[in-house]
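Read the structure below first, then the notes.
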Amino acid sequence: MTTQELTWAARAGAVRPVTDAVIGGELAAARSGRRRDSINPATGTVLAQVSECGAEDIDAAVLAGRAAFESGSWSQADPGSRKRVLQRLAELIVANADELALLDTLDAGKLISDTTQVDVPGSAAIIQWYAEAIDKLYGEIAPTASTELALVTREPLGVVGAVVPWNYPLEMAVWKLAPALAAGNSVVLKPAENSPLSALRLGQLALEAGLPEGVLNVVPGDGPTAGRALGLHPDVDALTFTGSTEVGKLFLQYAGASNMKQVWLECGGKSANLVFPDVADLDAAAEAVCAGIFTCGGQVCSANSRLLVHESIKDALLERVVARAEAIRVGDPLDESSQMGPMVSAEHADRVMGLIEVARGEGRIRTGGDRVAGSPTSAFLQPTVVDDIAPDARIAQEEVFGPVLAVFGFGDEREAVTLANGSSYALAASVWSDSHSRVHRVAQRLRAGTVSVNCVDALDVTTPFGGFGLSGFGRDLSLHALDKFTGLKTTWHHHN
Ligand code: NAD
């Protein structure tokens, strides 16, 4: 073991997670007294016993959010003061970076190298970005007759419910709450069952930063109970969700069955990576193909899980991809030299293995296809590449959310675009080619919320992120995200 490993392991032992909800500025155990074991998927050990909140806790959180909103302590606060509070929150995330990174690593099995370099600094940067935006947003004056003055302003909606998944626990929460809070709303955040710890700590840090009580409430609980209660709550004005398409559809039903709250959905994906024969550097493309699917063990909504490659270079590219996949070090997420950790849970690993078995019957496994022998738990899977698949096969259509790459050959540009668009998801796509005109043509025709050219999974707080079709609607990140959390109001003055 290296010194760094010992250091992370030692620090991990010292982490004392917050295990209760943050409601109305206080820590609160579930009213039912129920708790759920939070399991470290890398070791199978119980990390903490977290309050398992239900409908009555969600109700208390919404009530606290509404009271805070009506008091104006945040919703009516000067933009400059809201900005300073969110800036302080970003600073506190940086100051507590190691702890937050460890919480996500221990809770969700994410690599410590990712949580320290991507998730935590990324979350702080996003909050900082929206903090800075707060006092730079202007309203409008409509071009009316000179006897009239029509002011158009953006108003916060009220109480925003946010339900998030486990793959980027801290960052997904921040994608939602940073623009919602920046716009002046109160938020009730429900983290995923598998990964509530960093969100609970964030709720505490927000209070420390000076966010008034009740403005950010964090309520851990399971989806069908706490998530459903938030979706159905009659006093929630908007619900922003990231997770599976199946559950996204439920939120539309909840809204229809309750108060017609606005619903914004970021759901699944089956993103295509198109590699054309005029790609400049096949090694770079192979490296990116692997990063596109094996980052975070493929548990990424925009994972490039379909590789579409021109027949003339298919063998050469696949040889490189397989060699790289086989070289990936799957291991302890606390070890900085690991390149892939466990799946988020043993149950999820079983689900992925089930789909790998389906793929075995549908195509040819070029590498992987099994669990990693000798691992401490059953959650460690091999990077897997499947070839010779029909475009309508299950493994070609279904989101695996694991380290499984499905490979297809194509003969020409038209076939490539047809294959890429032959999915009910439409979240992201990548195009590899050295021809500017080809890239331009293909990118225009791809149905995807983001098209990355000669790179994979391009993403930044400055650009909108989201999809079409079963990948959902509404956009996270960028100033456009503020549209979801504000309503336009016209105030009309008539004078003689
Ligand atoms: P999931 O849909 O099972 O759970 C997401 C959230 O919904 C969790 O907080 C969960 O508790 C809650 N939930 C579950 N059942 C519910 C119910 N019946 N009613 C109300 N809430 C319920 O998804 P997951 O397994 O946590 O995450 C994986 C999925 O998330 C994948 O499909 C992935 O593509 C998607 N995802 C999408 C994006 C994106 O931005 N498009 C980003 C990350 C993950």
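Basis for what follows: all heavy atoms, side chains included, without hydrogens, waters or symmetry-related copies. Counting convention: from 1, in listed order, for ligands and their atoms alike.
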Ring centre gap for Trp175 and Tyr168 strictly below 6.0 Å: no
Contact residues of ligand 1, where a non-hydrogen atom lies under 4.0 Å away: Val163, Val164, Pro165, Trp166, Asn167, Met172, Lys190, Pro191, Ala192, Glu193, Gly223, Pro224, Gly227, Arg228, Phe241, Thr242, Gly243, Ser244, Val247, Leu250, Phe251, Tyr254, Glu266, Cys267, Gly268, Cys301, Glu399, Phe401, Leu427, Phe465
Show me the donor-acceptor pairs within less than 3.5 Å that the side chains of residues 229-243 make with the rest of the protein, sequence neighbours left out.
from   : atom 1 : to     : atom 2 : distance (Å)
His233 : ND1    : Asp235 : N      : 2.9
His233 : NE2    : Asp59  : OD1    : 2.6
Asp235 : OD1    : Arg66  : NE     : 3.3
Asp235 : OD1    : Arg66  : NH2    : 3.2
Asp235 : OD2    : Arg66  : NE     : 3.0
Asp237 : OD2    : Arg66  : NH2    : 2.6
Asp237 : OD2    : Val159 : N      : 2.8
Thr240 : OG1    : Lys176 : NZ     : 3.2
Thr242 : OG1    : Lys176 : NZ     : 2.8

Which residues share a side-chain contact (heavy atoms from CB on, under 4.5 Å) with Trp129, sequence neighbours left out: Val461, Thr462, Leu479
Beyond-backbone contact of Ser345 with Trp166, side-chain heavy atoms, under 4.5 angstrom: no
Of all pairs that satisfy side chain to side chain donor-acceptor pair (under 3.5 Å), the ones with a partner from residues 187-198, not counting sequence neighbours: Asp104-Ser198
Point-to-point distance, once rounded to the nearest 0.5 Å, from CG of Asp107 to CG of Leu200: 9.0 Å
